[in-house]
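Beneath this line is the structure, given in structure tokens, with notes to follow.
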Amino acid sequence: DRNAQRERDAMSEEWVIGIVGGSGLYEIDALEDAQWIEVKSPFGDPSDAILCGRIAGVKVRFLPRHGRGHRILPGQLNARANVDAMKRAGCTDLLAISAVGSLSESLAPGHFAAVDQFIDRTQGRPSTFFDSGLVAHVSMGDPVCPRLSGFAADAVERAGGTVRRGATYLAMEGPQFSTRAESKLYRSWGAEVIGMTGMPEAKLAREAELPYALMAMVTDYDSWRDKEAAVDVSDILETMHANGEIARKAIEKLCALLPDRREPSPIDTALEYAIITAPEQRDATLMTKLDAVAGRVLNGSEN
């Protein structure tokens with residue numbers, strides 16, 4: 001309708017790129033006006049403060065997913081607070097950069113993959129901002145933003161990396177790595193990379209109306225190769241270091257690639273018709289808690 005179109009037109013402004021990833025990704029010489037800012041969330045404590053700055057004139061917001069020094073287990077990450085804090089920090093788009101194992105011969109350690117699908121095998125992690133008193137159902141058929149994912153893949157290539165465009169990510173609970181039987185099972189399902197942090201992060205980004213992409217950095221072949229040793233942390237760390245150099249360069253390339261004007265994305269209005277609780281039945285306390293995530297629709301329409 002006309003009101004929704006006006007809102008989409010108003011969103012055609014500047015990019016504010018949120019990056020959630022490893023603790024060292026923000027160590028970029030090109031980052032200007034850098035400052036750490038504490039952002040409070042009603043969903044608890046984010047993993048860390050957010051590093052705000054500019055690269056090639058583009059506003060960027062870095063959040064170390066596991067906290068500086070890698071302090072937080074994958075299953076104990078407060079993904080709701082992280083995504084909510086990034087939304088409060090003004091992010092228009094959210095790029096995740098994550099280490100993964102490979103479940104495919106064609107994705108060798110050192111390669112990158114622009115993820116386009118997920119299989120969620122996590123357990124007990126809060127996976128929605130909504131609750132009884134305010135019910136919403138967002139579409140996750142296509143869980144990543146093709147525009148942001150494409151820009152990220154282009155950036156990795158320009159940084160000298162090898163990237164696969166499109167891969168299915170199996171999100172496991174961890175923190176242990178897979179058994180050989182599990183690794184083979186996931187391959188039979190069509191999963192191509194495996195990690196511990198992509199879910200529920202991608203689901204929450206969609207609820208927050210943040211176009212989301214995940215650039216996976218392949219560190220190992222998981223445990224499905226019978227004639228090879230199982231996953232070893234020392235090998236992963238060595239590959240992560242090399243991948244990290246490319247990832248940092250790719251972030252610079254990404255900012256330089258972005259058009260001057262950010263055209264609206266359909267994901268900017270993902271909640272347009274998703275909230276189904278009648279206005280008179282909505283929980284006022286929860287509505288206040290969702291001021292950043294869903295304020296656009298809760299305060300601006302009767303959906």
Side-chain angles (χ1 to χ4, degrees), residues 19-28 47 62-75 77 95-119 121-122 144 149 152-153 155-157 159-180 182-187 189-199 201-202 213-251:
I19 298 171
V20 184
S23 299
L25 287 177
Y26 50 79
E27 296 170 356
I28 298 175
S47 295
F62 290 92
L63 177 63
R65 183 186 284 108
H66 296 273
R68 280 169 283 183
H70 205 107
R71 301 174 286 104
I72 308 170
L73 281 169
L77 291 170
L95 174 63
I97 302 178
S98 302
V100 299
S102 172
L103 298 170
S104 169
E105 284 284 2
S106 63
L107 282 170
H111 288 189
F112 289 73
V115 170
D116 63 349
Q117 283 294 333
F118 291 89
I119 299 172
R121 294 284 292 169
T122 61
V144 306
S149 187
V156 171
E157 289 180 344
T162 299
V163 61
R164 159 92 73 83
R165 295 172 187 262
T168 297
Y169 179 114
L170 188 293
M172 64 179 294
E173 182 61 27
Q176 303 85 0
F177 297 121
S178 305
T179 66
R180 292 192 188 276
E182 289 169 334
S183 191
K184 292 175 182 178
L185 175 64
Y186 300 150
R187 271 172 53 83
W189 288 352
E192 294 158 292
V193 295
I194 182 168
M196 302 178 188
T197 60
M199 283 291 178
E201 191 174 82
L214 193 155
M215 187 55 62
M217 305 186 299
V218 179
T219 59
D220 59 88
Y221 274 117
D222 206 50
S223 298
W224 52 273
R225 288 178 150 196
D226 289 328
K227 295 182 180 180
E228 293 190 4
V231 182
D232 183 84
V233 172
S234 61
D235 293 336
I236 288 176
L237 292 176
E238 183 177 347
T239 307
M240 281 180 63
H241 178 74
N243 279 1
E245 290 292 328
I246 295 174
R248 284 189 288 273
K249 292 179 183 177
I251 292 169

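Just the heavy atoms: all of them, side chains too, but no hydrogens, waters or symmetry mates, feed the values below. Residues take their numbers from the sequence shown, with the count starting at 1.
- In this structure, CG on Leu25 lies 6.0 Å from CE on Met217, to the nearest 0.5 angstrom.
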Problem - Met215 and Val163: CA distance, side-chain angles, deciding distance, side chain to side chain contact (heavy atoms under 4.5 Å, CB included) verdict - result: CA-CA 9 Å; Met215 187 55 62; Val163 61; 4.0 Å; yes

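- Taking the charged nitrogens against the carboxylate oxygens, Glu105 and Arg225 do have a contact shorter than 4.0 Å, which makes a salt bridge.
- The CZ atom of Arg248 sits 12.0 Å away from the CD1 atom of Ile19 when rounded to the nearest 0.5 Å.
- Put simply, the side chain of Asp226 reaches to within 4.5 Å of the side chain of Lys184, judged on heavy atoms.
- Closest approach of Ala191 and Leu103 over heavy atoms only: O-CB, 3.5 Å.
- Without hydrogens or angle criteria, Asn243 side chain to Val218 main chain gives a donor-acceptor distance under 3.5 Å.
- Taking all atoms of both residues into account, the shortest heavy-atom contact from Tyr186 to Ser178 is CE1-OG, 3.9 Å.
- Put simply, the side chain of Met196 does not reach to within 4.5 Å of the side chain of Leu77, judged on heavy atoms.
- Counting only heavy atoms from C-beta outward, the side chains of Ser98 and Leu214 approach each other to under 4.5 Å.
- The CG atom of Asp222 lies 8.5 Å from the OG atom of Ser102; values are rounded to the nearest 0.5 Å.
- Within a 6.0 Å radius of CZ in Arg121, no more than 12 heavy atoms belonging to other residues, nucleotides or ligands are found.
- Rounded to the nearest 0.5 Å, atoms CD1 (Ile246) and NE2 (His111) are 9.5 Å apart.
- Within the 4.5 Å cutoff, side-chain heavy atoms of Glu157 are placed close to those of Arg165.
- Scanning all heavy atoms of the two residues, the minimum distance from Ser183 to Ser223 falls at OG-N, 3.4 Å.
- The two residues Arg164 and Ser104 have their closest heavy-atom pair at NH2-OG, 3.5 Å.
- Of all non-hydrogen atoms in Thr197 and Tyr169, the two that sit nearest each other are N-OH, 3.2 Å.
- By the 30° and 60° cut-offs, the orientation of the rings of Tyr26 relative to Phe62 is perpendicular.
- For Arg65 (side chain) and Pro74 (main-chain N/O), no donor-acceptor pair under 3.5 Å exists by modelled atom type.
- Atom CD of Glu201 is separated from atom CE of Met199 by 9.5 Å, given to the nearest 0.5 angstrom.
- Heavy atoms only, all atoms of each residue included: Tyr221 and Leu107 are closest at CE2-O, 3.5 Å.
- In this structure, Met172 CE and Ile119 CD1 are separated by 13.5 Å, a value rounded to the nearest 0.5 Å.
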